[in-house]
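For reference, the structure discussed in these notes is given below.
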Amino acid sequence: MSIDSRQVAARMTEAVPFARTLGFEFVEIAPEAEGGVRAVLRLPDTPDTHNHVGGPHAGAVFTLGETASGAVVLAAFGQLLDRVVPLAVRAEIAYRKLALGPVRATARLGRPPAEVIAELESGRRPEFPVRIEISTDDGTPTSEMTVIWTLRPQ
């Protein structure tokens with residue numbers, strides 16, 4: 001699988017202007033084994049995104065993780081957008097440690113794309129997880145998140 005990182009980033013910021021508002025940086029969008037996809041996004045450290053204790057606001061961290069998961073979905077299933085709409089079904093986040101400074105979200109597709117597409121082709125509406133680890137720039141984990149997505153036929 002070949003992924004054009006710049007195209008995915010451009011499509012994401014066009015479709016989700018809030019990602020641009022928060023200043024997310026698309027660090028990497030790359031294929032993984034078995035057709036999987038990984039996306040790494042970064043939230044710069046700015047006073048406008050801080051909370052009352054000087055770290056990134058929980059809402060900004062959540063949005064970073066959800067946006068990274070959306071980049072994974074777009075990279076994995078973008079070829080189907082003429083007939084499906086990707087939708088987040090539910091999300092869960094666990095804030096484990098105070099993050100200070102810039103943070104990164106690393107998202108990974110939780111099911112092989114071929115399996116999801118086969119389910120869609122059989123007439124069912126697939127659901128699939130995207131797991132996200134959020135960490136400081138030096139790699140210290142601060143939060144864990146899972147977003148469950150679906151592909152709704154148009």
Side-chain angles (χ1 to χ4, degrees), residues 1-78 80-81 84-113 115-116 125-152:
M1 167 193 294
S2 174
I3 297 173
D4 183 338
S5 296
R6 287 180 290 185
Q7 182 182 29
V8 171
R11 289 175 78 183
M12 282 297 300
T13 55
E14 180 182 319
V16 186
F18 193 47
R20 191 173 49 250
T21 298
L22 288 174
F24 294 156
E25 299 166 0
F26 290 77
V27 176
E28 176 185 42
I29 302 166
E32 292 197 308
E34 298 181 23
V37 177
R38 175 184 67 252
V40 180
L41 274 67
R42 184 175 183 267
L43 173 65
D45 184 28
T46 63
D48 288 343
T49 60
H50 285 181
N51 60 18
H52 63 290
V53 292
H57 189 280
V61 171
F62 182 95
T63 304
L64 176 69
E66 199 233 3
T67 303
S69 76
V72 163
V73 172
L74 184 59
F77 304 109
L80 303 175
L81 293 182
V84 300
V85 175
L87 298 170
V89 176
R90 62 187 173 277
E92 182 176 322
I93 191 166
Y95 301 99
R96 304 278 188 214
K97 182 176 184 171
L98 177 64
L100 295 174
V103 291
R104 291 176 180 255
T106 302
R108 288 186 164 85
L109 191 60
R111 285 178 61 191
E115 184 180 292
V116 174
R125 187 169 155 179
E127 288 191 0
F128 53 93
V130 177
R131 292 181 180 83
I132 306 102
E133 179 182 282
I134 299 165
S135 62
T136 58
D137 257 357
D138 69 2
T140 303
T142 60
S143 304
E144 297 169 353
M145 184 174 183
T146 301
V147 180
I148 305 298
W149 287 83
T150 190
L151 300 175
R152 184 188 75 198

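On a predicted model such as this, the values are computed, not experimentally measured, just so you know. Here, residue 1 is the first one in the sequence, and each next residue gets the next number. Because only heavy atoms are used, hydrogens play no part in the values below, and waters and symmetry mates are left out as well, while side chains stay in.
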Handout entry: Listed once per pair and sorted, the side chain to side chain donor-acceptor pair (under 3.5 Å) pairs that draw on residues 91-101, sequence neighbours left out
Key =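 The answer is Arg96-Glu144.
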Practice task
Kindly state each residue pair satisfying ring pair (Phe, Tyr, Trp, His ring centres under 6.0 Å) with at least one member in residues 16-52, sequence neighbours excluded.
Solution key: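 Passing the test, one end in residues 16-52: no pairs.
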Which residues share a side-chain contact (heavy atoms from CB on, under 4.5 Å) with [X], sequence neighbours left out:
X: Val8; result: Ile3, Met12, Ile29, Ala71, Leu74, Ala75
X: Leu100; result: Leu98
X: Ala88; result: Glu66, Val147, Trp149

Report yes if some heavy atom in the side chain of [X] is under 4.5 Å from a heavy atom in the side chain of [Y]; otherwise report no.
X: Pro86; Y: Leu81; answer: yes
X: Thr106; Y: Arg38; answer: yes
X: Val116; Y: Leu151; answer: yes

All side chain to side chain donor-acceptor pair (under 3.5 Å) counterparts of [X], not counting sequence neighbours:
X: Arg125; value: Thr150
X: Arg108; value: Glu32
X: Thr49; value: Thr46

Handout entry: Residue pair Arg111, Glu127: steps toward the salt bridge (Lys or Arg N to Asp or Glu O under 4.0 Å) verdict
Key = CA-CA 9 Å; Arg111 285 178 61 191; Glu127 288 191 0; over 6 Å; no
Could you tell me which non-hydrogen atom of [X] sits nearest to which non-hydrogen atom of [Y], and how far apart they are?
X: Thr146; Y: Pro129; value: CG2-CB, 4.1 Å
X: Pro102; Y: Asp45; value: N-CB, 3.6 Å
X: Leu43; Y: Leu22; value: CD1-O, 3.6 Å
X: Ala68; Y: Ala39; value: O-CB, 3.7 Å

Practice task
Taking atom CD of Glu34 as the centre, report whether more than 12 heavy atoms of other residues, nucleotides or ligands fall under 6.0 Å from it.
Solution key: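 No.
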Practice task
First locate atom CD1 of Ile148, then atom CG of Leu87, and finally report the distance between them rounded to the nearest 0.5 Å.
Solution key: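 Ile148 atom CD1 to Leu87 atom CG measures 13.5 Å (nearest 0.5 Å).
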For residues 55-62, run the donor-acceptor check on the side chains, cut-off 3.5 Å, and write out each pair with its distance to 0.1 Å, sequence neighbours left out.
from	atom 1	to	atom 2	distance (Å)
His57	ND1	Gly59	N	2.8

Exercise for the section: Please list all pairs passing the salt bridge (charged side-chain N to carboxylate O under 4.0 Å, His left out) test where one or both residues lie in residues 5-19, with sequence neighbours left out. Expected result: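 Those involving residues 5-19 do not exist here.
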Problem - Candidate pair Phe77 and Val72, rule side chain to side chain contact (heavy atoms under 4.5 Å, CB included), full reasoning - result: CA-CA 8 Å; Phe77 304 109; Val72 163; over 6 Å; no
Practice task
For Arg20, enumerate each residue passing the salt bridge (Lys or Arg N to Asp or Glu O under 4.0 Å) test, keeping only those at least two apart in sequence or located in another chain.
Solution key: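 Arg20 satisfies salt bridge (Lys or Arg N to Asp or Glu O under 4.0 Å) with no other residue.
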Which atom pairs, donor and acceptor, lie under 3.5 Å between side-chain atoms of residues 130-140 and protein residues at least two apart or in another chain?
from	atom 1	to	atom 2	distance (Å)
Thr136	OG1	Asp138	OD1	2.4
Thr136	OG1	Thr140	N	3.2
Asp137	OD1	Arg42	NE	3.2
Asp137	OD1	Arg104	NE	2.9
Asp137	OD2	Arg42	NE	3.2
Asp137	OD2	Arg42	NH2	2.8
Asp138	OD1	Thr140	N	3.1
Asp138	OD1	Thr140	OG1	2.9

